[in-house]
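In this text the structure is predicted, and so the values were computed from the model without any measurement. Worth knowing before you read on, the calculation uses all heavy atoms, side chains too, and leaves out hydrogens, waters and symmetry mates.
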Amino acid sequence: MTIKQIITLRNIMIILCIFMFVLLGEKIFLIADKIKAVQAGDRLYAAGDLIAAEDQFRQAAANLSIHYKEESIASRLTELAPITTIRSSLSTLVLSARAQAATKDFAGFMKSYDSLLTLKTTYMKPGGPYEAYYRQLSAASGISDQFTAYFKQFKQQFLTELAQSQSSGDTNEDSFKWNLLLIPDAYYGAADSKAELLASKFMAHDTAKLKTLAAAGSFTPMLDSALTLINNYNSHNYKAPWVKEQTESSGEIFLNKDVDSDSITAFAGHAVAYRKFASSADFASSKVLTLIDKNTAKLVKSAGKLAKVGQYAASIQLYGELAPLQDTAQEVAATRLAWNIAEPVRLLPGGEEQGKYTNIISTRGRYGAKVVVAGTDSSGRLFYAAMNKDNSVVTLTGDILPEFENLHSLIFDDRFMSSSEVPVILAVAERADGRNIFTAYELQSQGISVLFSLTGASYELQPDDSIIVTNADLGDGVDDQTALYRKLDGAYQFVEIVQEYPVITTSDLEYHPFENVSLNCEIGVDLNGKWVAYSDGSYLSLKGDVGSVTGSAVISGQFQNGYEFIMTDIGEQYVPVFVMDKVGSLSLMVR
């Protein structure tokens, strides 16, 4: 047979009839169920079993097989709607809590818990009309045991995370703490049990983290971690005194170690960081802050003691290291002032450099200044500085001192000081010929000027303010001359040679035989090359060492009754012989 032969119209009709009988039979059963449900609901309602009645009426309402007492069913369900709500809400919460516990969705789980509390608050009011129904439905759903089990599960999870995170050092991932706080007291047994357990766990967790950072020398990270902990606890209205206690303990260790090892820079850095931390943490009091203040005051006092015993550099360094903790600018300025007064060379340009200046002289409380100082650098240049009464400093730069390499004296010489109290410095250098170069400098506000520069064996200031120089070098090559200098236009200038013997005229010479006398004359040579002297129309023949002096001169010696011929422009003349022991040029010209 073929398929076409089998599938005939008659067979199709038979199959459809069978299908219709099945559907009809199923509907008959559904109709019967609905009628039974309505009848059971009415009986239960009448008996006061509203929960079971609501269940029957709800099943009848869902059965659409027949239109049967629909208005009565709807009326009963409206009346029993709170029971429907309780049943439906509990069922939904059971399912959602189970899913949230399985996925470790604590935030979602707490929302379900809040919904449960709201439902319970609404329908489980003591003496309320639905209290008994809520208790019955809740017990039937098993929701209380489930939430207890889930809270226990979450609590164990967070406690494990708390223990595992102690060594991480990261306080920004402490959400497990706040989750533990959210778990109701009842699931810890009681409020006291919860407080005791969490305080113990939190303290162990926090102190371990802070100790780990402190042991690693991570002072600032430790403070940052502590501040984060404090802020986090504050934001959750939780008191955690151990955070402050542990931070204070570690802070004391750090700061005491700094002071004991004289690491003042480290102490200041740690102290500044701790002050900032304490301020941010709103510490009303702190033993570490007290320790900082105490040690800071002690160290400032030590810096002052160093200055008093002359250890100025160490004092200034210590003040500088303490500057981040306390304004020490005034103390540093006072120490620098004391140092400059104690070591005036520091007032000179670059005077802080060791060995920059030599031949250093200084004095205090003179010339209208607190301190004055002078010295020469390696090139022999003269430098001067004065600290005024207002602590301002004036510096002057002078010339290179004559014969600096042989300088053996540099002094303040008040004998040449003017009435305006302008200081005078006298430099004395020795020449190779045994004579000295005496150079005096006036230190005026506009600069350093030369008051005099004299060369000779010695000099002497006269009552009339002139200067006598013995064995003066006047540039004529003559030794043993005594020169007179007077102050003209603010500086000393050569005036004349001081004569040791009486000065007479050439015409009077023959009246002073064998006497030491001096003559002013012109020195030259006659036509035969003999040394002769001419003065007042008369000639003399010269004996002794004339040297190279020509022109106007002063000659000293004796006429010893001797005569000889010389050849002049007017012919041969017979003249006295003058035996010289000293000659000095008046024209300062040498041949």
Notebook entry, point to check: Can the ring centres of Y150 and Y113 be said to be less than 6.0 Å apart?
Noted result: no
Notebook entry, point to check: So Y312 and W339, would you call those rings parallel, tilted or perpendicular, with 30° and 60° as cut-offs?
Noted result: parallel
Next item on the list: Using atom types as modelled and distance alone, determine if a side-chain donor or acceptor of S453 lies under 3.5 Å from a backbone N or O of T439.
Entry: no
Check: Taking the side chain from S91 and the backbone from R87, do they hold a donor-acceptor pair closer than 3.5 Å?
Finding: no
Notebook entry, point to check: How long is the span from the CD atom in E161 to the CD atom in Q156, to the nearest 0.5 Å?
Noted result: 10.5 Å
Next item on the list: Can you label the angle between the F154 ring and the F106 ring as parallel, tilted or perpendicular, going by 30° and 60°?
Entry: perpendicular
Note to self: Working to the nearest 0.5 angstrom, can you tell me the gap between T85 OG1 and L90 CG?
What the structure shows: 10.5 Å
Check: For L181 and K194, which heavy atoms make the closest approach, and how far apart are they?
Finding: O-NZ, 2.7 Å
Next item on the list: Could you tell me whether a side-chain N or O of R364 sits under 3.5 Å from a main-chain N or O of I341, the two making a donor and an acceptor?
Entry: yes
Check: Which pair of heavy atoms, one from Y238 and one from A195, lies closest together, and at what distance?
Finding: OH-O, 4.4 Å
Note to self: Run Q246 and S250 through side chain to side chain donor-acceptor pair (under 3.5 Å) and show every step you take.
What the structure shows: CA-CA 6 Å; Q246 182 57 49; S250 296; 3.1 Å; yes
Next item on the list: Might you point out which heavy atoms bring V272 and P324 nearest each other, and give the distance in Å?
Entry: CG2-O, 3.6 Å
Notebook entry, point to check: Okay, side chain of T118, backbone of D114: is any donor-acceptor separation there less than 3.5 Å?
Noted result: yes
Margin query: Below 30° counts as parallel, above 60° as perpendicular, anything between as tilted: where do the rings of F176 and H205 land?
Written below: perpendicular
Next item on the list: Mind listing the closest non-hydrogen atom pair of M417 and V422 along with its distance?
Entry: CG-O, 3.1 Å
Notebook entry, point to check: Which value, rounded to the nearest 0.5 Å, describes the distance between I86 atom CD1 and S89 atom OG?
Noted result: 8.0 Å
Margin query: So, taking the atom named CD in E352 and the one named CD in E343, what distance separates them when rounded to the nearest 0.5 Å?
Written below: 10.0 Å
Note to self: Could you report the tightest heavy-atom contact between A214 and F254, atom names first, then the distance?
What the structure shows: O-CZ, 3.5 Å
Checklist line | Geometric class of the H236/W178 ring pair [parallel <30°, tilted 30-60°, perpendicular >60°] | finding: parallel
Check: Any donor and acceptor pair, going by atom type alone, linking the side chain of D390 with main-chain N or O of S392 inside 3.5 Å?
Finding: yes
Margin query: For a side chain to side chain donor-acceptor pair (under 3.5 Å) check, start with the C-alpha distance between Y274 and E248, then their side-chain angles and the critical distance, and finish with the verdict.
Written below: CA-CA 9 Å; Y274 201 91; E248 292 263 278; 2.5 Å; yes
Notebook entry, point to check: What orientation do F277 and F283 show, parallel under 30°, tilted 30 to 60°, or perpendicular over 60°?
Noted result: perpendicular
Checklist line | Any donor-acceptor pair under 3.5 Å from R381 side chain to G398 backbone | finding: yes
Notebook entry, point to check: Near E131 CD, under 6.0 Å, is it more than 12 heavy atoms from other residues, nucleotides or ligands?
Noted result: yes
Notebook entry, point to check: If you count the non-hydrogen atoms of other residues, nucleotides and ligands that lie under 6.0 Å from NZ in K211, is the total more than 12?
Noted result: no
Next item on the list: Starting at OH of Y357, measure out to CZ of F383 and round the result to the nearest 0.5 Å.
Entry: 4.5 Å
Check: Between K155 and Y187, is there a donor-acceptor pair closer than 3.5 Å when you use the side chain of the first and the backbone of the second?
Finding: yes
Next item on the list: Give a yes or no answer on whether the side chain of T328 reaches the backbone of Y319 with a donor-acceptor pair at less than 3.5 Å.
Entry: yes
Margin query: The test is side chain to side chain contact (heavy atoms under 4.5 Å, CB included); show your working for N256 and L291 and say whether it passes.
Written below: CA-CA 9 Å; N256 284 329; L291 175 66; 3.7 Å; yes
Note to self: I want to know whether Y492 and F452 have ring centres closer than 6.0 Å.
What the structure shows: yes
Checklist line | Intermediate values then yes/no, side chain to side chain contact (heavy atoms under 4.5 Å, CB included), V259 and L255 | finding: CA-CA 6 Å; V259 173; L255 293 166; 5.7 Å; no
Margin query: Looking at every non-hydrogen atom in both residues, tell me the closest pair between Q153 and A101 and how far apart they are.
Written below: NE2-O, 3.0 Å
Next item on the list: For R98, look at atom CZ and say whether over 12 heavy atoms of other residues, nucleotides or ligands are found less than 6.0 Å away.
Entry: yes
Item checked: Worked check of side chain to side chain contact (heavy atoms under 4.5 Å, CB included) between S362 and V345 -> CA-CA 8 Å; S362 64; V345 66; over 6 Å; no
Item checked: Pairwise distance CG(L426) to CG(L410) - rounded to 0.5 angstrom -> 8.0 Å
Next item on the list: Considering only NZ, NE, NH1 and NH2 on the basic side and carboxylate oxygens on the acidic side, decide whether K276 and D224 come within less than 4.0 Å.
Entry: no
Note to self: Determine whether a donor-acceptor pair (N or O, by modelled atom type, separation under 3.5 Å) exists between the side chain of S261 and the backbone of K257.
What the structure shows: yes
Checklist line | Donor-acceptor side-chain pairing of K177 and Y233 below 3.5 angstrom | finding: yes
Note to self: Checking L306 against Q317 for the side chain to side chain contact (heavy atoms under 4.5 Å, CB included) test, could you report, in this order, the C-alpha distance in whole Å, the side-chain angles of both residues, the deciding distance, and whether it holds?
What the structure shows: CA-CA 10 Å; L306 289 172; Q317 179 181 348; over 6 Å; no
Next item on the list: For the pair S279 (side chain) and R275 (backbone), establish whether a donor and an acceptor sit closer than 3.5 Å, ignoring hydrogens and angles.
Entry: no
Next item on the list: Just say parallel, tilted or perpendicular for the rings of F147 and F151, cut-offs at 30° and 60°.
Entry: tilted
Next item on the list: Assess the pair Y384 and Y441: is the distance between their ring centroids shorter than 6.0 Å?
Entry: no
Check: Can you name the side chain to side chain contact (heavy atoms under 4.5 Å, CB included) partners of D105, sequence neighbours left out?
Finding: Q100, T103, A107
